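Remarks on the structure that follows.
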Amino acid sequence: MSLQVKELWSMILDSIGDWTRKYYSENITPELDGKEVTLFGWVQEIRDLGGIRFIILQDREGTIQVTIPRKKVSPEVLSKSEALQKRYSIGVKGIIKKTIMTPRGVEVIPNQIKILGGATAQLPIDITGNTPANIDVRLDSRALDLCIEPNTTIFKIQHHALEAIRSFLFERGFLEVHTPRIIASASEGGSALFNVDYFGRKAFLAQSPQLYKEQLVMSLEKVFEVGPFFRAEESHTRRHLSEFVSIDIEQAFADAKVVMHLLEQLMQHTCKIVKETCAKELATLNHEIVVPNLPFKRLTYDEVLNDLKEEGITLPWGDDIPTQAFRTLGRIHPYFYYITEWPTESKVFYIKPRTDKPEICEGFDLMWGWMELVSGGTRIAKKELLVKRLRENGLNQESFKYHLEAFDYGMPPHAGWAIGLERLTMMLTGRKNIREVTLYPRDRFRLTP
RNA sequence: GCCCUGGUAGUAUAGUCCGGUCUAGUAUAAGCGGCUGUCGCCCGCUCGACCCGGGUUCAAAUCCCGGCCAGGGCGCCA
């Protein structure tokens, strides 16, 4: 087939007409032998042996072989099949045929082929997976990159994890809420904010729903939110993004112990559900999920310092733990573990100091090896204490005016946590770069696509 | 922001240490031709690259300087 004719085909596209799809590729089984089926998808591969041509049709759920024996199909089917190229979007109506010639035991012999979308011949990345592209090249052509099976698989797993998390929280009486992404005050904490021009006023992108979810426990009692947040940090690591998705909960009449128990149950549940529902996807990624036993190991901050000391890393009491030390810690404790009893000064202002020992707080981190997956704690519910902690952290009380006011109207004791969804996905898929588990990652250097 | 490493066809790499048959190798993709059971199809032919700028030198993909970009690490990170 000449180049000109191929170009013509890619310009004159068929209409979808009244074709509808009942079966995805993976639903085509040998038991359906003899049935007519309508398939939609993309040309993943063409193997032309001369007298017989094999088209691998890919859709969201997998692939199916469309077989075109030259002498047994209509001239229309033959010429359409000759015009096909990789990534063309097509419709195929044909007869399902049981066969011993394919690994799946089934193939489709087309009666009609529709070309529904064209594609350039030389694709920017190799979609067969023979020559894998580097992450930077992949992200530049992300729409195409996501057509490669293992890459999509990550987001199927993420979807099922999120579904498991939502239903777990719904069952326990949590209400899903939505708090503002555009906020007025820059003074919530330490990390840097993105500026927004809000009708001429200075505004910022939210870095957390923290203050809002705390206010909501006064009315809705148990809330959660799943949504993106923004941090203008200079971080350039495999586990940081400028825009990330946080799964936040906050619960009234609860303390750290209660929400830690909830969290470990949620983690176990999520691992279990994903392991069960995504067996195929996990096999594609060559990754195994170990469903954790409960309760999770609980290490105090002091125990962590001791562990590190035995490894030759001595840290002064009161400091946060540097990355290098976390990596060492991750080697000693490779799975889930909590770090509790942090020094109050190492945690953010709204974490409640212990009544008996104010230098230690009721904050906790859930670790996965060396990576911080979740952080949370009991919150300060008493206004005077919160004001004191704000002052100690050098924060401007005036910019917390509205938040502090809420504490005059019956703030209950409460606690909560926040999971980094992308980090959770890294854990569930065994990927080592957060950008791989983000559809369109935003980091210090990448703003497109 | 700092440190390290790197930038060679559409993609992935070899070559760079120690400048010279490098007229830049290989795989894959793409183009053309052939093939009736492929499934990383196969066979033949073809196309296609040294990040940008400056310098050293008889000679630069290779050495030096500057820039841009990327990867990794650190710091930062409620």
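Everything numeric here is computed off the predicted structure, so don't read it as measured data. Below, chain A is the first sequence line, B the second, and so on; all start at residue 1.
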Neighbour count above 12 (heavy atom, 6.0 Å) for A/Asn286 CG: no
Select one nucleotide: of [options], the one nearest the side-chain heavy atoms of [X].
| X | options | answer |
| --- | --- | --- |
| A/Arg47 | B/G10, B/A30, B/U38 | B/U38 |
| A/Gln210 | B/A78, B/A12, B/C41 | B/A78 |
| A/Ala121 | B/A30, B/C77, B/U38 | B/A30 |
| A/Ala133 | B/G37, B/G40, B/A12 | B/A12 |

Parallel, tilted or perpendicular: which describes the rings of A/Trp342 and A/Tyr301, with under 30° parallel and over 60° perpendicular? tilted
According to the interplanar angle, ranging from 0 to 90°, do the rings of A/His333 and A/Tyr337 count as parallel (below 30°), tilted (30 to 60°) or perpendicular (above 60°)? tilted
Under 4.0 Å protein heavy-atom contact, by nucleotide of nucleotides 42-52 of chain B - B base, S sugar-phosphate only: -----------
Going 5' to 3' through nucleotides 70-75 of chain B, assign each nucleotide B (protein heavy atom under 4.0 Å from a base atom), S (under 4.0 Å only from sugar-phosphate atoms) or - (no protein heavy atom that close). SSBBBB
Once hydrogens and angles are ignored, does a donor-acceptor distance under 3.5 Å link the base of B/U11 to the side chain of A/Gln122? no
State whether the distance check finds a donor on one side and an acceptor on the other, under 3.5 Å, for side chain A/Ser208 versus base B/A78. yes
Below 4.0 Å: OP1/OP2 of B/G6 and any side-chain N or O of A/Asn134: no
Convert the base pairs of RNA chain B into dot-bracket notation, remembering that pairs crossing earlier ones are written with [ ] and that bases paired across to another strand are shown as |; include only Watson-Crick or G-U pairs under 3.5 Å. (((((((..((((......[....)))).(((((.......)))))....(((((..]....))))))))))))....
